[in-house]
Amino acid sequence: MRTYKNRICRDPKNRKKFICSDNPEKGKFAYTSYKVMRIYGNYSLVLFRIHTGRTHQIRVHSRYLGCPVLGDPIYGKKDVNFPDATLMLHAKKLRIRLPEEGRFRTFKAPLPGRFKKIICELRK
């Protein structure tokens with residue numbers, strides 16, 4: 001796995017967005033690991049592991065790595081091959097500590113049909 005570490009802060013030009021910053025005085029530390037699982041021409045299927053839980057972390061890091069998430073209306077751009085794609089992020093497995101229980105719990109979810117449909121298109 002590769003890693004990407006930096007600081008994430010609000011974009012001063014657009015309060016709805018976040019940006020990466022090298023300034024240690026700005027933002028919060030963000031740490032993401034990622035692995036490219038498959039490459040389909042100009043598209044990739046990527047597995048992410050977030051070590052910190054910053055708002056829009058995967059989306060911001062993907063954009064700054066030069067590979068915005070397909071269907072991302074904030075950090076990406078309209079894709080000519082998949083103009084109707086919605087945000088293509090999916091949490092296959094989520095491990096969180098629930099405050100009322102005080103212990104970690106793991107939740108799993110199957111791959112949504114819209115992901116399967118696009119992957120089928122990419123395999124052609």
Side-chain angles (χ1 to χ4, degrees):
M1 285 201 127
R2 294 182 176 198
T3 60
Y4 192 66
K5 299 176 185 180
N6 68 0
R7 300 185 76 74
I8 292 179
C9 60
R10 284 208 183 268
D11 184 341
K13 298 174 188 167
N14 181 346
R15 296 284 303 155
K16 293 182 180 181
K17 290 175 78 173
F18 289 81
I19 59 172
C20 291
S21 174
D22 292 325
N23 184 341
E25 303 294 318
K26 287 189 172 185
K28 296 178 180 177
F29 177 73
Y31 172 23
T32 303
S33 297
Y34 65 96
K35 180 178 181 181
V36 176
M37 304 301 286
R38 297 267 193 287
I39 297 174
Y40 305 100
N42 292 329
Y43 301 89
S44 299
L45 178 63
V46 181
L47 173 69
F48 291 97
R49 179 164 187 243
I50 54 174
H51 302 274
T52 53
R54 305 298 173 222
T55 303
H56 296 187
Q57 182 173 328
I58 292 172
R59 298 163 72 184
V60 173
H61 280 175
S62 293
R63 176 178 176 225
Y64 276 82
L65 289 168
C67 304
V69 176
L70 177 63
D72 190 335
I74 297 174
Y75 300 100
K77 59 184 178 183
K78 200 80 157 167
D79 189 275
V80 292
N81 296 317
F82 301 100
D84 298 325
T86 56
L87 184 62
M88 298 302 291
L89 278 179
H90 170 66
K92 176 182 174 184
K93 185 168 86 173
L94 181 65
R95 186 171 181 260
I96 59 172
R97 184 186 326 230
L98 298 174
E100 61 275 1
E101 294 182 16
R103 64 180 175 90
F104 281 98
R105 292 207 35 210
T106 301
F107 301 89
K108 295 180 182 179
L111 194 63
R114 64 190 182 91
F115 276 68
K116 291 177 184 177
K117 183 178 176 184
I118 287 182
I119 289 171
C120 266
E121 287 294 316
L122 291 170
R123 286 182 177 157
K124 291 180 182 178

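Counting begins at 1 with the first residue of the sequence.
- Under the 4.5 Å side-chain heavy-atom criterion for grouping Ile, Leu, Val, Met, Phe, Trp and Tyr, L70 is connected to Y40 within one hydrophobic cluster.
- Side-chain N or O atoms of R114 include one that pairs as donor or acceptor with a backbone N or O of L87 at under 3.5 Å.
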Determine, step by step, whether T55 and R10 satisfy the side chain to side chain contact (heavy atoms under 4.5 Å, CB included) criterion, reporting the C-alpha distance in whole Å, the side-chain angles of both residues, the deciding distance to 0.1 Å, and the verdict. CA-CA 10 Å; T55 303; R10 284 208 183 268; over 6 Å; no

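- The number of heavy-atom neighbours closer than 6.0 Å to CG of D22, taken from other residues, nucleotides and ligands shown, is 12 or below.
- Counting heavy atoms from C-beta outward, L122 and L45 have side chains that stay 4.5 Å or more apart.
- With hydrogens and angles ignored, the 3.5 Å screen pairs no side-chain donor or acceptor of R49 with any backbone N or O of S33.
- Residues that satisfy the salt bridge (Lys or Arg N to Asp or Glu O under 4.0 Å) test with R105, not counting sequence neighbours, are E101.
- Rounding to the nearest 0.5 angstrom, the gap separating the CG atom in L94 from the CZ atom in F104 is 11.0 Å.
- Taking 4.5 Å as the limit, some side-chain heavy atom of K93 sits within range of a side-chain heavy atom of T106.
- I8 places none of its side-chain heavy atoms less than 4.5 Å from the side chain of Y64.
- Taking hydrophobic clusters as Ile, Leu, Val, Met, Phe, Trp and Tyr residues chained together by side-chain heavy-atom distances below 4.5 Å, L89 shares a cluster with Y34.
- Put simply, NZ on K92 and NZ on K108 are 8.0 Å apart, with the number rounded to the nearest 0.5 Å.
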Derivation of the side chain to side chain contact (heavy atoms under 4.5 Å, CB included) call for Y75 and V69: CA-CA 8 Å; Y75 300 100; V69 176; over 6 Å; no

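- With hydrogens and angles left out, the side-chain atoms of Y43 and N81 include a donor and acceptor closer than 3.5 Å.
- Tested against E121, the residues R123, K124, K117 include a single side-chain hydrogen bond (donor to acceptor under 3.5 Å, both in side chains) partner, K124.
- By the rule that hydrophobic residues join a cluster once side-chain heavy atoms approach within less than 4.5 Å of another member, M88 and M37 end up as members of one cluster.
- H61 approaches N6 most closely through the heavy-atom pair NE2-OD1, 2.8 Å.
- Contact detail for A109 and A91: the closest heavy-atom pair is CB-O, 3.9 Å.
- Here the side chain of K78 pairs a donor or acceptor atom with the backbone of P83 at under 3.5 angstrom.
- In plain terms, the two heavy atoms of K26 and R7 that are nearest each other are O-NE, 2.9 Å.
- Linking ILVMFWY side-chain heavy atoms closer than 4.5 Å, directly or via other members, places F107 and I58 in two distinct hydrophobic clusters.
- Remark: of the listed residues Q57, K5, K28, Q57 is the sole one forming a side-chain hydrogen bond (donor to acceptor under 3.5 Å, both in side chains) with T52.
- For N42, the CG atom counts as loosely surrounded, since its 6.0 Å shell holds 12 or fewer non-hydrogen atoms of other residues, nucleotides or ligands.
- Under the 4.5 Å side-chain heavy-atom criterion for ILVMFWY residues, no single connected hydrophobic cluster contains both F48 and I96.
- Closest approach of G102 and R97 over heavy atoms only: C-CG, 4.0 Å.
- Of the possible donor and acceptor atoms, none in the side chain of R63 sits under 3.5 Å from a partner among the backbone N and O of G76.
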